Amino acid sequence: MTVKKDRQRNLPVSNRVVDLHLSAIKEMAMLSVRVEDAVSLSWGLPSFNTPQYICSGIEKALREEEDIGKCSSPDGLKALHEVVAAKHQKDTGVEVCPDENILITAGNMQAMTNLFRTLIDPDDEIIVTDPCFPSHIQQIKLSGGRPVYWPLDEDNDWELDTSKLPDLINTKTKAIVIVSPSNPTGKIFDRQTLVNTVEMARQHGLLLIIDDPYHHFIHENNDKYFNPASLKEMFDSIIYCYSFSKAYAMSGWRVGYMVMPASLKAQVLKVHDSNIICAPRIS
Ligand SMILES: Cc1ncc(COP(=O)(O)O)c(C=O)c1O
């Protein structure tokens, strides 16, 4: 108890939080606000503004929709579920049920927090690539879990090496997290390697979590990009999280969605409701 209090300089803060660090890019962003004309090399804010048609739509909704300022249903607006189901089918070829498989989130950060809190019992393990998006590490730790690092090698062009995966999996492992194109390397992971990864996850009863803010940013590499969420036969093993933040320059609007098996949505919804009730309806 004394040790704990010393560490927290007498604030009654949990060890779990004391042991976390504010992400370095957010710290840089906060510091840069104090410097006039600082060039931002910190977090990935879009270089363009939210498109005008989105802003006009919101202006109209503010004028005309009586309920715009109120909560939506916890899993999001029904009309948006329909649009997302159509978008997901266009993107992946997989048909999903708007009601049962889709949850509207306040962006992928919140989606991932939802998921880790849903999946993790104390000391459970989540496999993340190394390097990975640092917030995943924080979120896993904050949920009481342990990140396990799947090393990526620059000499192997930052590709996933599935031969290393079996050694990382044990009875505590719950899921593997994939970001493709990757943050921070920009790597678009190879199709067959991703298929092998989902198959291995499935064999071990693990989930594959896809955190996808970046699939629009593949430029001339269209033919290289593969979304594992398009593997219809693997639907039960995959959770797909999409963010509107980057592609639509809506990072401050906080909105995205998750596509997942119905049984899992029922569990995730409890966490979502307990921490945010619903994504911002206006967004
Ligand atoms: C891999 C990854 N996931 C999630 C996010 C944040 O997504 P959102 O703005 O939807 O919370 C980012 C970037 O900010 C990211 O790079």
Side-chain angles (χ1 to χ4, degrees), residues 21-30 32 40-51 54 75-76 80 84 87-88 91 102-119 126-143 147 149-150 152 158 160 175-189 194 197 207-218 225 227-229 238-260 268 271-272 275-276 278-283:
H21 300 282
L22 182 66
S23 104
I25 51 171
K26 308 283 174 23
E27 201 172 344
M28 277 169 68
M30 289 172 75
S32 71
S40 172
L41 300 176
S42 60
W43 50 346
L45 297 179
S47 57
F48 58 104
N49 290 333
T50 311
I54 296 177
D75 63 345
L80 186 51
V84 165
K87 176 184 183 307
H88 191 71
D91 289 348
I102 292 168
L103 174 65
I104 307 302
T105 64
N108 278 9
M109 289 285 278
Q110 196 251 332
M112 298 302 280
T113 300
N114 271 348
L115 269 175
F116 294 138
R117 287 195 191 164
T118 303
L119 300 179
I126 305 284
I127 297 175
V128 293
T129 58
D130 179 14
C132 68
F133 179 51
S135 295
H136 292 160
I137 300 173
Q138 313 263 37
Q139 292 168 326
I140 293 166
K141 289 184 177 170
L142 208 46
S143 305
Y149 299 101
W150 184 4
L152 305 179
W158 300 116
L160 300 168
I176 303 169
V177 178
I178 294 291
V179 182
S180 180
S182 153
N183 179 357
T185 64
K187 176 73 182 170
I188 300 171
F189 294 123
L194 287 169
T197 304
L207 292 166
L208 186 85
I209 301 172
I210 304 165
D211 176 2
D212 179 17
Y214 298 121
H215 87 245
H216 299 274
F217 299 90
I218 48 180
Y225 175 72
N227 184 347
I238 294 177
I239 304 162
Y240 177 71
C241 306
Y242 177 82
S243 167
F244 292 94
S245 289
K246 313 289 175 173
Y248 294 86
M250 295 179 77
S251 57
W253 298 58
R254 313 308 306 140
V255 66
Y257 61 81
M258 303 170 74
V259 181
M260 62 197 138
V268 172
V271 177
H272 180 75
N275 75 54
I276 193 172
C278 64
R281 183 189 188 121
I282 193 163
S283 302

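In listed order, ligands and their atoms are each counted from 1. Owing to the predicted nature of the structure, the values given are computational and were not obtained by experimental measurement.
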Side chain to side chain donor-acceptor pair (under 3.5 Å), paired with Q110, selected from R254, Q139, H272: H272
query: Below 4.0 Å from any atom of ligand 1, is there a heavy atom belonging to M112?
result: no
query: Quick one: do the D211 and H136 side chains pair a donor with an acceptor below 3.5 Å?
result: yes
query: Closest heavy-atom contact between P131 and L152?
result: O-CD1, 4.0 Å
- line: Counting heavy atoms under 4.0 Å, the part of N108 that contacts ligand 1 is both
query: By number and element, which atoms of ligand 1 are closer than 4.0 Å to a non-hydrogen atom of R254?
result: 8 (P), 9 (O), 11 (O)
query: Ignoring hydrogens and geometry, is there a side-chain-to-backbone donor-acceptor pair from S180 to S182 under 3.5 Å?
result: no
task: If you have a sec, work out which protein heavy atom is nearest atom 12 (C) of ligand 1 and how many Å separate them, to one decimal?
output: F133 CZ, 3.5 Å
message: Before you tell me yes or no, could you show the steps for W158 and F189 under side chain to side chain contact (heavy atoms under 4.5 Å, CB included), namely the whole-Å CA-CA distance, both residues' side-chain angles and the distance that decides it to 0.1 Å?
response: CA-CA 8 Å; W158 300 116; F189 294 123; 5.6 Å; no
query: Say you draw a straight line from CG of N227 to CD1 of I238; how long is it, rounded to the nearest 0.5 Å?
result: 8.0 Å
task: Kindly indicate whether a cation-pi arrangement holds for K87 with Y242, taking the cut-offs as under 6.0 Å to the six-membered ring centre and within 45° of the axis.
output: yes
message: Would H136 count as being in polar contact with ligand 1, using the rule that some N or O on each side must be under 3.5 angstrom apart?
response: no
message: With respect to N183, determine whether any N or O atom, backbone or side chain, lies less than 3.5 Å from an N or O atom of ligand 1.
response: yes
message: Under a 3.5 Å cutoff, is there a donor and acceptor pairing between the side chains of W253 and T50?
response: yes
message: Can a donor-acceptor pair be found, under 3.5 Å and without considering hydrogens, that links the side chain of N108 to the backbone of C241?
response: yes
task: Identify, by atom number and element, the atoms of ligand 1 in contact range of G107, meaning under 4.0 Å from any of its heavy atoms.
output: 10 (O), 11 (O)
task: Measure F244 to ligand 1 on non-hydrogen atoms and call it side chain, backbone, both or neither using the 4.0 Å cut-off.
output: neither
message: Only heavy atoms of M109, strictly under 4.0 Å: list the atoms of ligand 1 that pass.
response: 6 (C), 8 (P), 11 (O)
- prompt: Where does Q110 meet ligand 1, judged by heavy-atom distances below 4.0 Å: at the side chain, the backbone, both, or neither?
  reply: neither
- line: A student checking ligand 1 against S245 at a 4.0 Å heavy-atom cut-off should list atoms 8 (P), 9 (O), 10 (O)
message: Please work out, at 4.0 Å between heavy atoms, whether the side chain, the backbone, both, or neither of K246 comes within that distance of ligand 1.
response: side chain
message: Looking only at protein heavy atoms, which one is nearest to atom 3 (N) of ligand 1, and what is the separation?
response: D211 OD2, 2.6 Å
- prompt: Polar-atom distance check: P213 versus ligand 1, any N or O pair below 3.5 Å?
  reply: no
